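First up is the structure itself, then whatever we jot down about it.
Start at 1 with the first residue, then count along the sequence. Just so you know, ligand 1 is whichever comes first in the structure, and atom 1 is the first atom listed for that ligand. The structure presented is a predicted model; accordingly, all values stated were derived computationally and were not measured. Worth knowing before you read on, the calculation uses all heavy atoms, side chains too, and leaves out hydrogens, waters and symmetry mates.
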Amino acid sequence: MYAVFAVSPFITIFALYFESDGCLALLCLKNIFMDYQEVINRIYSDFQSKRGEGKVADYIPALAETDPMRYGISISSLDGDTFAVGDADVNFSIQSISKVFTFAMVLRLIGDKIWEAVGREPSGNPFNSLIQLEYEHGIPRNPFINAGALVMTDRLISLYDRPKEALLDFIRSVSGNDDIYFDQHVARSEREHADRNMALAHFMKSFGNINNDIDTLIDVYCCQCAISMNCNDLARAFLFLANHGVNPLDGERILSVSQAKRLGAVMLTCGLYDESGDFAFRAGLPGKSGVGGGIVAYIPGNLSIAVWSPGLNPHGNSELGVETLERFTTDIGNSIF
Ligand code: GLU
């Protein structure tokens, strides 16, 4: 550590230091004066009448069993604090939030070659659309629509002998929770209703962009979507992105600074299906949602926040989750902009 170089009067103390590889890095030492617990308590209380808004996903029958009244918020800060309210410690199905983990694992191992398999533009289409794939020759627009996520899972299968275990190991290490598991009830239900994902996978295989057996791919993909976590786990698990690629729990560099920047940029532009632009406009944060009703977002150099409310809006994003994150950045007067 070489120097503490700046003190912002209201929010954060930073330190500038050199890593072992010579890279210059910025570390958030302490958020001062911002009472995040008070902020989320107030949002939680003000939004009580909105609980249950939206429609719980039912295209996977096991997801339809979720209580629509659930509502939790959790914040993890880079200085080691956790702030939580409501159902922040109740597990739910993370669904598409898992796509960030698989993407990070593949990006870490194959680097820029990843862009030969998947694009980085918003699709403007629903998460499970087949249409673009035909005229874009089997290269999905981005890693966060289902087609792109299937390609990432396919690469994970090629890269690891035991991809499911590798994925769980990764998530356990970034979340600091060794008990994270695949919810087999949800995974089974998803496998039984995977016709569209099977179609996407077969279609991409016909273009040469899927290398593994389709049944194996769908099995791993359904398990990854069925990972059970809570808001506290998720907020902690995204801190490595807020920390520019380094897991603050053990100091391990997972992504380079540049890779973390790129992953965050894809989250900002593509993380909320065909509502990504509107979410960027409203919340001003890189985020990722799932049809289980969770959304995770982060402020680089500062904190990560997870919200869960199962009712979805017509775009497949948590209705109250989006509202909560918009209100959060408005109340704290801070976002990436
Ligand atoms: N397992 C879901 C599917 O592929 C993921 C949906 C999502 O959360 O976007 O249908």
Side-chain angles (χ1 to χ4, degrees), residues 54-66 91-103 118 122-133 140-154 156 164 167 171 182-204 210 214-229 231 234 237-238 266-267 269-276 279 287-297 306-319 321-322:
K55 188 172 177 305
V56 175
D58 57 6
Y59 76 102
I60 300 168
L63 293 183
E65 298 162 15
T66 314
N91 276 29
F92 62 92
S93 190
I94 70 168
Q95 292 292 315
S96 275
I97 296 171
S98 66
K99 294 171 182 173
V100 175
F101 300 127
T102 50
F103 181 62
V118 77
S123 73
N125 277 312
F127 68 98
N128 56 4
S129 171
L130 277 144
I131 296 168
Q132 263 165 354
L133 275 180
R141 272 287 172 102
N142 67 67
F144 297 150
I145 51 173
N146 280 15
L150 285 162
V151 170
M152 291 301 105
T153 304
D154 177 72
L156 202 71
K164 288 195 225 173
L167 177 59
I171 295 177
F182 300 120
D183 180 330
Q184 293 299 348
H185 173 58
V186 175
R188 200 173 317 114
S189 182
E190 182 146 1
R191 269 193 303 268
E192 286 164 7
H193 296 82
D195 298 323
R196 187 168 271 267
N197 287 328
M198 298 277 282
L200 287 166
H202 279 291
F203 198 45
M204 289 189 290
I210 293 289
I214 302 287
D215 288 336
T216 307
L217 169 61
I218 296 298
D219 175 53
V220 177
Y221 176 79
C222 291
C223 282
Q224 85 175 56
C225 290
I227 289 169
S228 177
M229 293 172 77
C231 289
L234 282 167
F238 275 64
V266 180
M267 284 176 67
T269 52
C270 311
L272 273 85
Y273 314 120
D274 51 343
E275 196 185 14
S276 300
F279 180 74
K288 185 71 202 87
S289 62
V291 295
I295 307 180
V296 192
V307 186
W308 177 43
S309 169
L312 307 181
N313 66 21
H315 300 282
N317 297 310
S318 169
E319 176 109 30
V322 171

At less than 4.0 angstrom from any non-hydrogen atom of [X], what atoms of ligand 1 do you find?
X	answer
E190	1 (N), 2 (C), 3 (C), 4 (O), 10 (O)
Y273	7 (C), 8 (O), 9 (O)
Y59	2 (C), 3 (C), 5 (C), 6 (C), 10 (O)
Y221	3 (C), 4 (O), 5 (C)
G290	8 (O)
S96	5 (C), 6 (C), 7 (C), 8 (O), 9 (O)

Donor-acceptor check, side chain of [X] to backbone of [Y], threshold 3.5 angstrom: yes or no?
X	Y	value
D215	I218	no
S318	S309	yes
S189	H185	no
D219	C222	no

Original post:
Looking only at N/O atoms, are N146 and ligand 1 under 3.5 Å apart anywhere?
Top reply: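 It does: an N or O of N146 is found under 3.5 Å from an N or O of ligand 1.
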Exercise. Indicate yes or no: does an N/O atom of V291 lie under 3.5 Å from an N/O atom of ligand 1?
Key: yes
Backbone, side chain, both or neither: what part of [X] comes under 4.0 angstrom of ligand 1, heavy atoms only?
X	value
R196	neither
C225	side chain
N197	side chain

Please say whether the positively charged group of K288, taken as NZ for Lys or CZ for Arg, lies over the ring of Y273, i.e. under 6.0 angstrom from the six-membered ring centre and within 45 degrees of the axis.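 Yes, K288 lies over the aromatic ring of Y273.
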Give the ring-plane orientation class for F144 versus F103, where under 30° counts as parallel, over 60° as perpendicular and anything between as tilted. perpendicular
Rounding to 0.5 Å, atoms CE (M152) and OG (S98) come to a distance of 13.0 Å
All heavy atoms of A64 vs all of D58, minimum pair found to be CB-CB, 3.8 Å
